[in-house]
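Bear in mind the structure is a predicted one, so any value in this text is a computation, not a measurement. Count residues from 1 along the sequence.
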Amino acid sequence: MNQEYTSHPVVGIDLGTTNSAIAYIRGGKPELIEAANGESLLPSVVLIDPKGAVIVGQNAKDALVAMPDRSIAAIKRKMGSDEEIVLADQAFSPEEISAFILKELKQRADELYGEGEKEAVITVPAYFTDEQRRATKRAGEMAGFIVERIINEPTAAALAFGLDHLQKDGHFLVYDLGGGTFDVSIVEMFSGVLEVKASSGDHMLGGEDFDWLLVDWFAEKILAEHDIDPRLDIRGKALLKEEAERVKIALSSEESVSVSLPLVTLQENRPVGLAVEVTRSQFVALIEGLIAQTMERTSQVIKDAELSVKDIDEVLLVGGSTRIPLVRDSISAKLGLSPRSDVHPDEAVALGAAVQAGLKSGLLSESGLIATDVAPFSMGIAVLAEKPGGRIKPGGFSPIISKNTTIPVTRTEKFYTSAMGQTAVSIEVYQGEHEWVKHNHRLGEFLLEGIPENWKGQEAIEVTFRYNLNGILEVSARSVSSGEEMSITLQDALIRNNRREFEESVQRLQKLWENAPHNLEEDESLEDISVDDPEDWDLLPDFPADLDDPDEDWDIPEDDEAPTVLHEDGQQLIEQARKTLADLDSEQQIPLVAAIQELEQALKEENVDQLKDVMARVTDLLIDAEY
Ligand code: ADP
Ligand code: MG
């Protein structure tokens, strides 16, 4: 048993796209927890082996080529989506797959601390959406952790560095280029207080993309020589991908690397291979466009922090892909600074998560270090807004917390009723930077009722956004004159709804988990079959789906649903409807003209119920016309 902790042990976890790691505090310093075999990084790959057992890590990664229908990599890219992942004919959610990775890490902590409850600080990219954060938190809970906090990866990296350099006031630029994601942030440290000033990134850019560029380059060579595209053969494609990563890594330390693959694919039952020399400058030519994009983001984030290049005091490089010399050279040239060499690119994020864990558990409370963070997006609600040409339209975005605000933060804004007799208002919550909500990301909605009937603009509604350190949002709305209040914690609402589903997941995962040996010895059933041996090819399972296709579009679909309307008062609505009429075809004009007439009638008769009813219909027609 470790002597140092008092209540539950708290660990820090880097749940990476490519590799994950877990760390703890020992003797006042963060340290990675190794597996029994001495490995500290865990490839984020999950396999269900032919015996039905779950395998996580290097063995699963080795089986990616041979068993693509049983294994999955880069699940982090799908977090927060409801895509189903089918492994060995069983469907899993991205959270469940991530929970397997976290279970494997938890096992390391269990070996260190013994069984029993453990709290975890888990990192996510700074630009992860609220949904992606909640999915990460649930994955941690499914794996059996109490998830103490979700923190941003750049904050973690800065914490790891800050702990050793407490006297170093200034601005740090954290450039994190991993396997599947790119993150760049400006962190300020002043008297031990760390604050992320600005963050940006690209969740579709990383080392994997460099691998695929090399795969294409290899494929073009084969195509030119043999007139066959090896990428059409899923085994060939997977083999080239493996080779591409090897070549890429070797080119970080060597000027030239040779490829010699006797068998990539078959052409009329004859093997087609690849023998070629790749130089560093050829590789640079392939990737320099992508690296240039990261440099543009870097300039942007410096601007967002209202700084200039000369204000940056230290550069911290994080992520395996920052070992590429072009990355180091580009960033040094841009900033006129050499990157810190005492930041370990693979470990910094997990170590920093452990530092945060230590601050929470009290193990590091004497250190004098404090971390704050920023909101990665603007968050606000849908309102009526003016379109060019003066038309008032529903669906405008009114931010309440703006991007890069230091968190935790609570902000309240006042809004007013927009219709006569309006007794309810629908609060629709969005995150994003566009002035129209349909281009932003919808987080949720609720209805505030019990507003006293009054004239338009006479009733005030206070809307409060609370954004906590886990990056999770709570929204409430209150009618000022009646005191009537409604709120949602987006996270609680979700967990309550899915409680049963969650419990079922936990049990199902546990069953599959218990099937596995988890003794870290090579799995014999995998050793018997080799993808390199064509005689074994019949033994291999079929390759139904391309799990690793970089072109696959997994983005959360844009929310096209029409926003609910805050009602316009009758007269204004009629004006607006008349302006709209001109843009409509006759099929849409007819019902709108009829509704306008009804509305005029209702206004004349001052019948509040009827008025509300017709106004709602006219508004609906206007929305239909818009979308
Ligand atoms: P993630 O944060 O996405 O989990 P990592 O920070 O672990 O990723 O980085 C993994 C990526 O780094 C992979 O694409 C891997 O190929 C790449 N990588 C690791 N070592 C090197 C190296 N020496 N040169 C170039 N790329 C490397
Ligand atoms: Mg990473």
Point to revise | Heavy-atom closest pair, residues Asp227 and Gln267 | key: O-NE2, 4.1 Å
Check your understanding: Would you call Arg77 and Glu208 a salt bridge, taking side-chain N to carboxylate O under 4.0 Å as the test?
Key -> no
Report all side-chain donor-acceptor pairs from residues 333-343 shorter than 3.5 Å, counting only partners two or more places apart or in another chain.
unit_1, atom_1, unit_2, atom_2, d
Lys334, NZ, Ser299, OG, 2.8
Arg340, NE, Asp342, OD1, 3.0
Arg340, NH1, Glu314, OE1, 3.4
Arg340, NH1, Glu314, OE2, 3.0
Arg340, NH2, His165, NE2, 3.2
Arg340, NH2, Asp342, OD2, 2.8
Asp342, OD2, His165, NE2, 3.1

Exercise for review: Look at the aromatic rings of His434 and His439 and report parallel, tilted or perpendicular, splitting at 30° and 60°.
Suggested key: tilted
Check your understanding: Has the side chain of Arg70 got a donor or acceptor atom that lies under 3.5 Å from a matching backbone atom of Leu47?
Key -> no
Point to revise | Side chain Arg280, main chain Leu251, donor-acceptor under 3.5 Å | key: yes
Practice item. Check each of Val327, Val284, Ile324 against Ile291 using the side-chain contact (heavy atoms from CB on, under 4.5 Å) test, and report the only one that passes. Key: Val327
Point to revise | Salt bridge Glu220-Arg231, side-chain N to carboxylate O under 4.0 Å | key: yes
Review point. Is there a donor-acceptor pair under 3.5 Å between the side chain of Arg323 and the backbone N or O of Ile249?
Key: no
Check your understanding: Under the 3.5 angstrom rule, does the side chain of Asn440 hit a backbone N or O of Glu433 as a donor-acceptor pair?
Key -> yes
Review point. With respect to Glu153, which candidate in Val174, Thr123, Leu15 satisfies the side-chain contact (heavy atoms from CB on, under 4.5 Å) definition?
Key: Thr123
Check your understanding: Is the backbone of Arg297 close enough, under 3.5 Å, to the side chain of Ser200 for a donor and an acceptor to pair up by distance?
Key -> no
Practice item. Check the side chains of Thr322 and Tyr175 for a donor-acceptor pair under 3.5 angstrom, ignoring hydrogens and angles. Key: no
Check your understanding: So do Leu261 and Glu242 actually touch side chain to side chain, heavy atoms under 4.5 Å?
Key -> no
